[in-house]
**Student:** 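Below is a structure I'd like to ask you about.
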Number of protein chains: 2
Amino acid sequence: MGDHHLSEQETVALVELMFFAYRDFVSDPDEILGTYGFGRAHHRVLHFVGRDPGMTVQQLLDILQITKQSLGRVLKELIDKGYVFQKEGEADRRQRLLYLTEAGEELRQRLMGPQISRIRRAVALPEGNAAHLYRKVLYQMVSPANRDAVLDWIGRASLPGDTQDGG
Amino acid sequence: MGDHHLSEQETVALVELMFFAYRDFVSDPDEILGTYGFGRAHHRVLHFVGRDPGMTVQQLLDILQITKQSLGRVLKELIDKGYVFQKEGEADRRQRLLYLTEAGEELRQRLMGPQISRIRRAVALPEGNAAHLYRKVLYQMVSPANRDAVLDWIGRASLPGDTQDGG
DNA sequence: TAAATATGTCAATATGGCTGACGTAATTTC
DNA sequence: GAAATTACGTCAGCCATATTGACATATTTA
């Protein structure tokens with residue numbers, strides 16, 4: 001078992017690295033978004049809709065964990081500017097299934113580009129298995145109550161060998 | 001060299017885990033802050049001032065990477081409510097050195113508690129060295145331009161064996 | 001003495017959250 | 001078939017946090 005307890009100092013360093021890493025991680029897409037008059041909220045919608053085309057509004061709300069009123073404006077802007085469109089559900093005609101337009105998919109790729117590079121750079125370390133460990137560690141950072149949903153989203157295949165509680 | 005290129009799918013999974021992990025990572029302190037009428041901005045100030053008592057306003061701005069106007073209100077509220085106080089600099093009397101009151105330090109500890117637990121839980125994995133790799137990976141996520149400042153802040157001692165570009 | 005620095009503040013603006021209320025269409029349940 | 005529930009949209013108001021630009025004051029440095 002790996003319960004070599006981290007020292008206070010080491011742990012605080014990790015807490016702070018989480019802050020610094022996230023701050024810089026979102027800085028590249030933020031800059032691109034600015035030139036479109038969009039913000040982080042638009043990025044998230046673009047990203048998740050692009051990752052699961054045809055998702056319902058409710059599914060998107062569950063992932064973002066925001067209210068429909070908050071989503072409303074952002075979604076409307078993305079639709080008005082031609083990056084997202086909606087299609088009536090076939091099985092359930094109350095649903096407005098979400099899709100990216102070509103421009104939307106292009107923008108999504110453009111926004112993700114720097115983050116992909118940053119992740120690849122970050123896990124390309126001399127040690128073997130850094131990516132695997134990083135993935136497991138980040139997964140453990142997710143609240144237990146949310147892990148099933150996250151695992152479903154990410155695709156269980158991408159966490160090979162993991163049981164539900166990540167060990 | 002460890003440039004086993006990650007697949008697109010694996011990398012996207014890491015991008016998304018970064019989002020989910022950060023979202024949950026800040027959720028515990030957010031809840032506590034709400035009961036004080038504070039927000040994330042207050043947390044950051046409390047944390048960094050507590051980590052480096054006597055820091056100047058400008059140093060805090062450099063770390064947070066926000067404008068002094070943004071900091072202004074938050075800092076004023078923390079001072080008014082008795083969590084932070086200022087002291088005129090001795091060497092340079094223009095400076096208003098920042099310190100936490102006892103209540104401030106208590107709140108800081110309380111806010112950090114859940115994050116410390118979460119990190120310790122996350123790095124307590126069967127594999128050895130998870131914490132070390134996690135630290136290196138998060139460090140690599142920081143923009144190169146900011147790494148020196150982050151390293152200075154974290155304390156170079158807490159990244160043993162690392163060269164400036166992270167080993 | 002002049003210039004630069006550290007800090008504070010006023011005003012206006014933008015973004016992205018929130019709650020609460022209300023409306024409509026479609027589906028499900030009784 | 002009527003009633004309840006669900007999926008979605010929207011209006012209104014509020015709050016937190018960020019921004020830019022301008023200006024003021026005290027202090028230090030050149």
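Numbers restart at 1 for each chain; the letters A, B, ... are given by sequence-line order, proteins then strands. Because only heavy atoms are used, hydrogens play no part in the values below, and waters and symmetry mates are left out as well, while side chains stay in.
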**Student:** Centroid-to-centroid, B:Y83 to B:F38, below 6.0 Å?
**Tutor:**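 Close enough - the centres of the two rings lie under 6.0 Å apart.
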**Student:** Nearest-Å distance, CD (A:Q58) to P (C:dT27)?
**Tutor:**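 A:Q58 atom CD is separated from C:dT27 atom P by 17 Å.
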**Student:** Can you check whether A:S70 has a side-chain N or O nearer than 4.0 Å to OP1 or OP2 of C:dC18?
**Tutor:**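 For C:dC18, OP1 or OP2 has a side-chain N or O of A:S70 closer than 4.0 Å.
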**Student:** What is the distance from CG of B:L61 to P of D:dT20, rounded to the nearest Å?
**Tutor:**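 Going from CG in B:L61 over to P in D:dT20 covers 13 Å.
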**Student:** Below the 4.0 Å mark, does C:dC18 have OP1 or OP2 next to a side-chain nitrogen or oxygen of A:T67?
**Tutor:**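 Looking at the OP1 and OP2 atoms of C:dC18, one of them is under 4.0 Å from a side-chain N or O of A:T67.
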**Student:** Between C:dA26 and A:R93, is there an OP1 or OP2 to side-chain N/O distance shorter than 4.0 Å?
**Tutor:**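 Checking C:dA26 against A:R93, a side-chain N or O does come within under 4.0 Å of OP1 or OP2.
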**Student:** Nearest whole Å is fine: how far is D:dA18 P from A:D30 CG?
**Tutor:**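 Going from CG in A:D30 over to P in D:dA18 covers 13 Å.
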**Student:** Scan A:R73 against the nucleic acid and name what it touches under 4.0 Å (heavy atoms): base, sugar-phosphate only, or nothing.
**Tutor:**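 It contacts base atoms.
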**Student:** Compute whether any side-chain donor of one residue and acceptor of the other, for B:S7 and B:E10, lie under 3.5 angstrom apart.
**Tutor:**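 Note: B:S7 and B:E10 side chains meet the donor-acceptor criterion.
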**Student:** Here's a test of your reading of the structure: between A:G37 and A:E90, which maps to the more 5' nucleotide of DNA chain C?
**Tutor:**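 The residue whose closest nucleotide sits nearer the 5' end is A:G37.
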**Student:** Which of the following nucleotides, C:dG8, D:dT27, C:dG17, is nearest to the side chain of B:R96?
**Tutor:**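 Closest of the options to the side chain of B:R96: C:dG8.
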**Student:** Can you tell me how far C1' of D:dT19 sits from CG of A:L33, to the nearest Å?
**Tutor:**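 Taking CG of A:L33 and C1' of D:dT19, I get 16 Å after rounding.
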**Student:** Would you say the ring centroid of B:F19 lies under 6.0 angstrom from that of A:F48?
**Tutor:**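 Ring centres of A:F48 and B:F19 closer than 6.0 Å.
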**Student:** Could you work out which one of C:dA21, C:dA26, C:dG16 sits closest to the side chain of A:Q69?
**Tutor:**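 The nucleotide sitting nearest to the side chain is C:dA21.
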**Student:** Nearest to the B:R94 side chain among D:dC8, C:dA6, C:dT7, which nucleotide is it?
**Tutor:**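 For the B:R94 side chain, the nearest candidate turns out to be C:dA6.
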**Student:** Ignoring the backbone of A:Q95, work out which of D:dT28, D:dC8, C:dT27 is nearest its side chain.
**Tutor:**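 Of all the options, the side chain of A:Q95 is nearest to D:dC8.
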**Student:** Does B:Q86 reach a base, just sugar-phosphate, or nothing at all? Heavy atoms under 4.0 Å.
**Tutor:**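 If one applies the 4.0 Å heavy-atom cut-off, B:Q86 turns out to touch the sugar-phosphate alone, with no base involved.
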**Student:** What is the separation between atom NE2 on B:H42 and atom P on D:dC15, rounded to the nearest whole Å?
**Tutor:**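 So the two atoms are 14 Å apart, to the nearest Å.
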**Student:** Mind checking if B:G39 touches a base, just sugar-phosphate, or nothing, with heavy atoms under 4.0 Å?
**Tutor:**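 Sugar-phosphate, no base atom in range.
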**Student:** Please give, in whole Å, the distance from C:dG16 C1' to A:Q65 CD?
**Tutor:**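 It is 16 Å, rounded to the nearest whole Å.
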**Student:** Inspect the contact between B:R51 and A:E16 and indicate whether a charged nitrogen and a carboxylate oxygen are less than 4.0 angstrom apart.
**Tutor:**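 Salt bridge flag = yes for B:R51 with A:E16.
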**Student:** Side-chain contact test, heavy atoms from C-beta onward, threshold under 4.5 Å: evaluate it for A:V49 versus A:M55 and give yes or no.
**Tutor:**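 In short, these two side chains touch, coming nearer than 4.5 Å.
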**Student:** Of the nucleotides C:dA21, C:dG16, C:dG8, which has the atom closest to the A:K68 side chain?
**Tutor:**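 Among the listed nucleotides, the one closest to the side chain of A:K68 is C:dA21.
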**Student:** Whole angstroms only, please: what is the CG-P distance between B:L75 and C:dT7?
**Tutor:**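 Result: 10 Å.
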**Student:** How long is the line joining CG of B:L97 and P of C:dA6, in whole Å?
**Tutor:**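 So the two atoms are 12 Å apart, to the nearest Å.
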